[in-house]
Structure formats: C-alpha cells, structure tokens
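Here the structure comes first, spelled out in structure tokens, and everything after it is commentary.
Sequence positions, counted from 1, serve as the residue numbers for this chain. All of these numbers come straight from a predicted model, not from anything done at the bench. Order of appearance sets the numbers: ligands from 1, and atoms from 1 within every ligand. Below, all heavy atoms of this structure are taken into account, side chains as well, without hydrogens, waters or symmetry copies.
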Amino acid sequence: MKVLLITSSARGHAIADALARSPQKPEIIAICTSRNPGIRKIAKEQHVIDIMDFDRVLDIAKKSNPDFAIIGPEDPMGSGLTDALQAAGIPTVAPLKSLARIESSKGFTRELLEKHGVDASPKFKVFTSTEGSEMNTFIDQVLGGDYVIKYDALKGGKGVKVSGEHLNGTEEGVAYAKECVKECGKVVIEEKLVGQEFSLLSFATGTTCIDMPAVQDHKRAFEGDTGPNTGGMGTYSDSNHSLPFLTKADINRASEINKLTAKALLDECGEPFVGILYGGFIAVKDGIRLIEYNARFGDPEALNVLPLLTSDFVAICQGMLNGNLDESMVKFEKKATVCMYITPEGYPDNKDQRGEVVSFPEVPNNARIFYGDISEEEDGTLKLGGSRTAGFVGIGNTISEAQQVAQNLCEQVKGPVRFRSDIGTPPIVEKRIKMLRELRTK
Ligand code: AMP
Ligand code: GLY
C-alpha cells in the first residue's frame with residue numbers, strides 16, 4: 001500500500017500520523033511546501049516543492065505510482081489538482097475542481113443550497129455588478145445595517161469582512177463589496193449571525209457522509225477572544241462527540257445539512273464529492289445556520305479528531321474512493337481533546353522570532369504534538385517560522401482534563417513563543433454555554 005500525501009503544516013502531520021497507524025502499513029510519499037520534521041519521521045520520502053506547480057507534483061506522482069493520493073490544503077483542489085491526478089490514473093481523496101467550489105466560491109455555495117432547498121443559509125444576495133445602489137438598499141433594508149461581505153474566491157481566510165469588526169457602516173461595506181466585484185467578479189452580502197460557531201467534518205463519498213467529532217475553534221489571537229483573527233489558536237472536542245453548548249437536535253441538524261449538501265453537489269455537478277466535507281456552522285437563537293463550507297480537513301480541527309480515530313484510516317480513504325464507506329468503518333474514541341497551538345511570541349502581527357531556536361518536552365501517551373511552521377537543522381535543532389509552530393493535543397475523559405494535559409506541555413516549551421492558555425478551560429466553555437442559553441431564552 002502506497003499513499004501520496006500532498007500537504008504542508010501540522011494538519012499534514014496529523015494526516016500522515018493517521019495513515020501510518022493503519023494496519024495496512026502504507027508507505028507514505030509526501031509532497032510538502034516546506035520540510036516538516038513530523039512528516040519526515042513518518043514518510044518514506046518527503047519532496048519539498050511548490051505544490052501549486054502541478055507539473056512537478058504530477059511528475060513525482062507518476063513516478064511513485066501510489067494506490068491513492070490525499071490532498072491537504074484547499075488551493076491545489078480549487079485549481080484542479082484532483083482532476084489532474086485522476087486524469088493520470090491516480091484516485092484522489094479530494095474533490096474535483098467543480099466540487100471544490102463549495103469552498104472556493106461563497107456565491108456558488110449559497111446558491112447551491114438555495115436551489116436544492118437546503119434551508120441553512122442566513123439572508124444573502126449575490127452581486128455581480130457595482131452599478132446602482134442595490135447593495136446599499138439590501139444592507140439597509142433587508143439586513144437592517146448589520147452585514148458580512150464575502151469575497152467570492154479563495155483568499156487565505158482574509159476575504160470575509162464583518163460589520164462592527166472589520167468595517168463600519170453601510171458605505172464601508174458597499175465600498176469593500178465593490179472592490180470584491182472588481183477583483184473577482186462576484187460578492188456575497190449576507191446577514192450577520194450571532195451565536196456559537198463550531199465545525200462538523202464528514203468523510204464524504206458523494207452518497208454517504210460519516211461525521212467526525214464536532215470541534216470548536218478559537219480564531220482570536222489572545223485570551224478572552226481578543227486581538228486579531230489568526231489561522232486558529234486552538235480547538236476542543238468533547239467525549240460525546242458533540243459540544244457542551246449544543247443540543248442533540250443541533251448536532252443532528254448540522255449532520256443532516258452536510259448530507260443534504262453532499263447530495264446537492266452530486267445533483268448539481270453530476271459527480272460525487274469525495275473527500276472531507278467540512279461544515280462551518282453557527283448555533284443561533286432558532287437553530288443551526290451554515291457559515292461556510294471547506295473541502296478539506298480543518299487546521300487545527302484535524303489535530304483533535306485524527307488522534308481519536310481507532311479504525312483504519314487507509315480503509316476509510318479507500319471507502320471514500322470506491323463509495324463503500326459505512327459507519328462501522330469509522331470509529332473515534334469517546335474522549336475529549338484540547339489542541340493548543342504554540343506560536344512565535346509576535347504572531348500574528350510581526351515575524352521577529354523567525355529563525356529562533358525552540359525546544360519541546362517529551363510527549364506522554366495521552367497527548368500528541370504536530371509540527372507546523374518550523375524548520376529542522378541537520379543536527380535536529382528546531383527553529384521557528386513566522387506562523388503557527390506546533391499544536392499540542394491533550395486527550396482526556398473530560399475537556400478540562402484534556403486542557404490540563406495540553407497546557408502542561410505548552411508551559412514546558414522553551415523559546416520565544418506563546419499560546420492561548422484559556423482554550424478548553426472551564427470558564428471559557430461555561431461562557432459559550434451561557435451565551436447560547438441566554439440567546440435562546442430571550
Ligand atoms: P470564513 O472565511 O468564511 O471562515 O469566515 C471567517 C469568519 O467570519 C467566520 O469564522 C465567522 O466568524 C465570520 N462570519 C462569516 N460569515 C458570517 C455570518 N454570516 N455571520 C457572522 N459571522 C460570520
Ligand atoms: N480551522 C479553520 C480552518 O481550517 O479553516
């Protein structure tokens with residue numbers, strides 16, 4: 001069994017680790033954007049190239065002749081790498097370009113759900129022209145002045161601007177929306193939702209979706225959800241695979257939305273969505289709404305859920321590819337997890353610590369470390385990159401137990417780094433529960 005893993009970052013390390021635990025003992029050939037010390041230990045080969053250089057990727061893919069490939073990040077999928085690999089006869093766990101629009105085009109997703117009767121979106125409108133005052137009227141009269149503006153193409157998480165956070169007033173919103181139309185031809189303007197966000201990722205075959213445990217991410221840089229947005233400072237998941245603030249009906253509805261969306265994609269595109277369908281949801285006053293879809297594993301979400309997987313990940317990938325995936329093949333331990341990212345001290349605003357030495361403690365059995373933006377010298381010395389360095393995952397019977405494991409490890413890291421110490425702590429989890437309870441009893 002040979003698997004080609006096209007990826008980078010801590011998410012890629014977590015995927016490689018899950019593959020390596022398979023009883024099928026796959027040989028892993030990794031193609032990464034930068035050398036990853038974690039993947040290096042697991043993979044037979046690690047090729048460091050630009051993964052958007054499809055000619056080079058295909059060259060390595062054809063030479064290594066894997067049983068299948070997996071793609072980690074969204075950019076290559078959005079640009080058609082799955083299509084190219086499939087055309088070369090390599091089955092690939094990642095959606096084709098037309099299906100990856102679920103992530104690469106916010107307008108496509110909103111219109112898909114509307115057309116196929118999946119009632120999960122906020123009020124929204126897609127604009128393709130900057131003429132007239134329709135945008136102003138929509139924001140003022142339909143949305144009551146609170147809005148979210150979404151760039152209609154991949155922008156590394158920087159395309160969404162929310163009123164009251166990044167933009168103020170109708171004029172600023174309209175100006176940004178027009179900029180989006182000029183740059184990418186389209187913009188989505190939608191209602192600003194209030195509630196608790198969470199991620200529900202499913203293994204998808206086109207006709208079946210099997211869920212992973214739900215996870216809550218923490219995007220703000222600093223304790224108490226303050227500071228700028230980041231790629232995600234950390235995440236937690238609970239032992240019952242739901243989240244403490246969600247009802248049974250909430251988690252079931254999110255699961256149903258993923259299934260309905262996979263079916264809508266099949267009906268719309270005529271091809272099955274094979275890969276990871278990642279629903280970014282928000283629990284609101286009267287139920288569940290969809291914030292966005294991604295077509296890949298989340299980072300950090302993958303770091304929480306993949307270590308809990310006790311069944312064969314290679315068999316799950318084969319199941320996604322041949323359409324024969326069932327619940328009995330997907331087993332996650334009934335444990336809670338907390339992932340805390342170690343980052344350079346100045347992250348995300350300044351990159352001053354780049355190249356500085358960092359060292360990590362030994363990781364016990366009830367924890368994992370996944371390496372992100374970090375480089376390794378010949379002698380094994382580890383040096384900081386500019387972005388998230390490594391994710392520690394604590395595993396326990398409760399979120400609080402998992403939190404203590406992760407925090408204890410983070411505190412032992414040596415170097416000019418920091419982490420968000422409140423992720424998964426009882427006060428912040430309580431705050432989430434209280435916020436939603438109050439919203440729903442108003
Ligand atoms: P995205 O790039 O689509 O993940 O959006 C980034 C962030 O913007 C999300 O995680 C939310 O916090 C926020 N966001 C996106 N859409 C909405 C919405 N309709 N209402 C409130 N917040 C939103
Ligand atoms: N956790 C956010 C993302 O992977 O996009």
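In this structure, the side chain of Ser311 engages the main chain of Lys331 through a donor-acceptor pair within 3.5 Å. Not a single donor-acceptor pair under 3.5 Å links the side chain of Glu401 to the backbone N or O of Ile395. Listed for the Asn258 side chain is a donor-acceptor partner under 3.5 Å among the backbone atoms of Leu200. Asp312 places a side-chain N or O within donor-acceptor distance of the main-chain N or O of Ala315, the cut-off being under 3.5 Å.
Counting non-hydrogen atoms of neighbouring residues, nucleotides and ligands closer than 6.0 angstrom, the CD atom of Glu411 exceeds 12 such neighbours. Taking a 6.0 Å sphere around NZ of Lys192, one finds it holds more than 12 heavy atoms contributed by other residues, nucleotides or ligands.
Residue Phe198 forms a side-chain contact (heavy atoms from CB on, under 4.5 Å) with just one option from Leu246, Ile291, Val215, and that option is Leu246.
For ligand 2, the 4.0 Å heavy-atom shell contains residues Asp217, Tyr278, Asn294, Arg296, Gly298, Asp299, Pro300, Glu301.
For His218 and Tyr236, the gap between ring centers is short of 6.0 Å.
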Could you pull out the N/O contacts under 3.5 angstrom between ligand 1 and the surrounding protein atoms?
| residue | atom | partner | partner atom | Å |
| --- | --- | --- | --- | --- |
| ligand 1 | 3 (O) | Lys106 | NZ | 2.9 |
| ligand 1 | 3 (O) | Glu292 | OE1 | 2.9 |
| ligand 1 | 4 (O) | Glu292 | OE1 | 3.1 |
| ligand 1 | 4 (O) | Glu292 | OE2 | 2.6 |
| ligand 1 | 10 (O) | Glu197 | OE1 | 2.8 |
| ligand 1 | 10 (O) | Lys219 | NZ | 3.1 |
| ligand 1 | 12 (O) | Glu197 | OE1 | 3.4 |
| ligand 1 | 12 (O) | Glu197 | OE2 | 2.5 |
| ligand 1 | 16 (N) | Lys150 | NZ | 3.0 |
| ligand 1 | 19 (N) | Glu190 | OE2 | 2.8 |
| ligand 1 | 19 (N) | Glu191 | O | 3.0 |
| ligand 1 | 20 (N) | Leu193 | N | 2.8 |

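Checking Glu301 against Ser199 by side-chain atom types alone, a donor-acceptor pair falls below 3.5 Å.
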